[in-house]
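What follows is one structure encoded as structure tokens, with my remarks underneath.
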Amino acid sequence: MELPVIDLSTYLSASSHRDTHLQSLCADVSRTLSETGALLVKDPRCTVEDNDRFIDMMEKYFSSPHEFKIRQERPHLHYQVGVTPEKVEVPRSLVDEEMQKKVKEMPREHQPHTPVGADLKWRYFWRIGPRPSLTRFQELNAEPVIPEGFPEWKETMDSWGYKMIAAIEVVSEMAAIGFGLPKDAFTSLMKLGPHLLAPTGSDLEKYNQEGTIFAGYHYDLNFLTIHGRSRFPGLNIWLKNGQKVAVKVPVGCLLIQTGKQIEWLTGGDCIAGMHEVVVTKRTIDAINAAKEEKRSLWRVSSTLFAHIASDAVLKPLGHFAESPLASKYPPLCAGEYVEQELSVINLKGKN
């Protein structure tokens, strides 16, 4: 299945959000998020050059010596800022017995790879956007960590992060309109959220056997997740109907996935999308091509987790409050929800 590509320029240039064509486009966004949990978008503000500059810097960082990288590790802050080394993040499917049971019931061709331990990827957490002056969840809003020797770090991280947040905000408005909610139903709750630019780094020189798991089967606990195009394939997602899809992100496009917080706000209409990152035959082909071209063998994902503000309340919005599943999503502070999720996997650094 090919995911549809939504060009956001139509919405950005629209003089009225009541235009019939625009309404149809917004309906496409909400329907796709509901039915597949994933969406490809093209945002004229997020260029290929922006993505390349970001990935170039992160390849340089992740290829730095281990001793250098762990200087940016903040385990006392539960890895909520700075670097998370490989073999620290635990995939949800490794500790969630109900999830394991569901996996066994899936048709073999749609089953995910089975994790045997913590993920093999590195991760860097960088907060995007202003922090709240008053919050009950200080550790979810800690100060950033800047590695030495990267004078361009803050500008590059902030530039790419703010552009991806801007794309998320447009998609959020379009989805709200498509769902028949006020245009700012989601974006108003995102203000001062603990948004995370969270690039991952997977060492394909060290781990390059087909089937190697970099990120075990899991869902994201945030609102929406957005990725720029990686230079190495390997991301598998699961649609709402249980179908497994190897994602192919076209050049110049961004991938958006649903997280648990939008599932909460839509009373289960949008289900948090399951996904994994593994070494596939296509990954190996890309590794061989990179070797020939003497390029970096670090697989970088330019992932950003957009969150609902920590002190905002998660509950089904508008007509979703009347849905049959609404009772499964009682009112809960977003920060409390995040802490509950993190405690399940025994690591306050997982998204």
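Remember, predicted model here, so these are calculated numbers, not experimental data.
- Salt-bridge formation is detected for the pair E89/R123: a Lys NZ or Arg NE/NH1/NH2 atom is positioned less than 4.0 Å from an Asp or Glu carboxylate oxygen.
- Ionic pairing of D56 and R53 is not present here: no N-O contact between side-chain nitrogen and carboxylate oxygen is shorter than 4.0 angstrom.
- Atoms CH2 and CD1, from W298 and I55 in turn, are 14.5 Å apart once rounded to the nearest 0.5 Å.
- In this structure, R231 and A286 approach most closely via the heavy-atom pair O-CB, 4.3 Å.
- Taken from CZ in R229 to CG in L254, the straight-line distance is 12.0 Å, to the nearest 0.5 Å.
- By the 4.0 Å N-to-carboxylate-O rule, R299 lies too far from E59 to be salt-bridged with it.
- The shortest heavy-atom contact between I287 and L297 is O-CD2, 3.9 Å.
- For the residue pair D203 and W122, no side-chain donor N or O sits within less than 3.5 Å of a side-chain acceptor on the partner.
- Hydrophobic clustering of Ile, Leu, Val, Met, Phe, Trp and Tyr side chains at less than 4.5 Å, counting indirect connections, keeps I213 apart from V247.
- Shortest non-hydrogen contact noted between T212 and L120 is CG2-CD1, 3.7 Å.
- Side-chain contact annotation: S159 with T156, donor-acceptor N/O pair under 3.5 Å absent.
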Under the criterion salt bridge (charged side-chain N to carboxylate O under 4.0 Å, His left out), I'd like the reasoning laid out for E98 against K102: C-alpha separation, chi angles, the key distance, then a yes or no. CA-CA 6 Å; E98 185 176 341; K102 288 180 180 178; 3.8 Å; yes
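- Distance check: L192 CG to S133 OG gives 8.0 Å after rounding to the nearest 0.5 Å.
- Each of L40, I256, L25, T32 was evaluated against I6; a single residue qualifies, L25, per the side-chain contact (heavy atoms from CB on, under 4.5 Å) test.
- In the model, E276 has a side-chain atom that pairs as donor or acceptor with a side-chain atom of H113 under 3.5 Å.
- Counting only N and O atoms by type, the side chains of D96 and S93 include no donor and acceptor under 3.5 Å apart.
- Of the charged side-chain nitrogens involved, at least one lies within less than 4.0 Å of a carboxylate oxygen, so that K206 and E86 count as a salt-bridged pair.
- When atom types are taken as modelled, the side chain of S302 and the backbone of P199 share no donor-acceptor pair closer than 3.5 angstrom.
- If you check the side chains of H227 and S301, you find no donor sitting under 3.5 Å from an acceptor.
- Contact record, L22 with D19: N-OD2, 3.0 Å, taken as the closest heavy-atom pair.
- With Y219 as reference, R92 is the one residue of K260, R92, H275 to meet the side chain to side chain donor-acceptor pair (under 3.5 Å) rule.
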Q. Would E109 and K244 count as a salt bridge (charged side-chain N to carboxylate O under 4.0 Å, His left out) if you check the C-alpha gap in whole Å, the side-chain angles of each, and the deciding distance to 0.1 Å?
A. CA-CA 8 Å; E109 67 270 23; K244 179 181 178 180; over 6 Å; no
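- Classification of D50 and K163 as a salt-bridged pair holds, one side-chain N sitting under 4.0 Å from a carboxylate O.
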Side-chain donor-acceptor contacts of residues 312-324 below 3.5 Å, not counting sequence neighbours, with atom names and distances?
unit_1, atom_1, unit_2, atom_2, d
H319, NE2, F179, O, 2.6
S323, OG, F320, O, 3.0
S323, OG, A326, N, 3.4

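- Y217 has its ring centre less than 6.0 Å from the ring centre of W238.
- The heavy-atom pair separating V5 from P250 by the smallest distance is CG2-CG, 4.4 Å.
- Smallest separation of non-hydrogen atoms from A185 and S188: O-OG, 3.6 Å.
- Remark: aromatic rings of Y124 and W153 are close, center separation under 6.0 Å.
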Residues 65-73 side chain polar contacts: donor-acceptor under 3.5 Å, at least two apart:
unit_1, atom_1, unit_2, atom_2, d
K69, NZ, F62, O, 2.6
Q72, OE1, Y61, OH, 2.8
E73, OE2, Y79, OH, 3.1

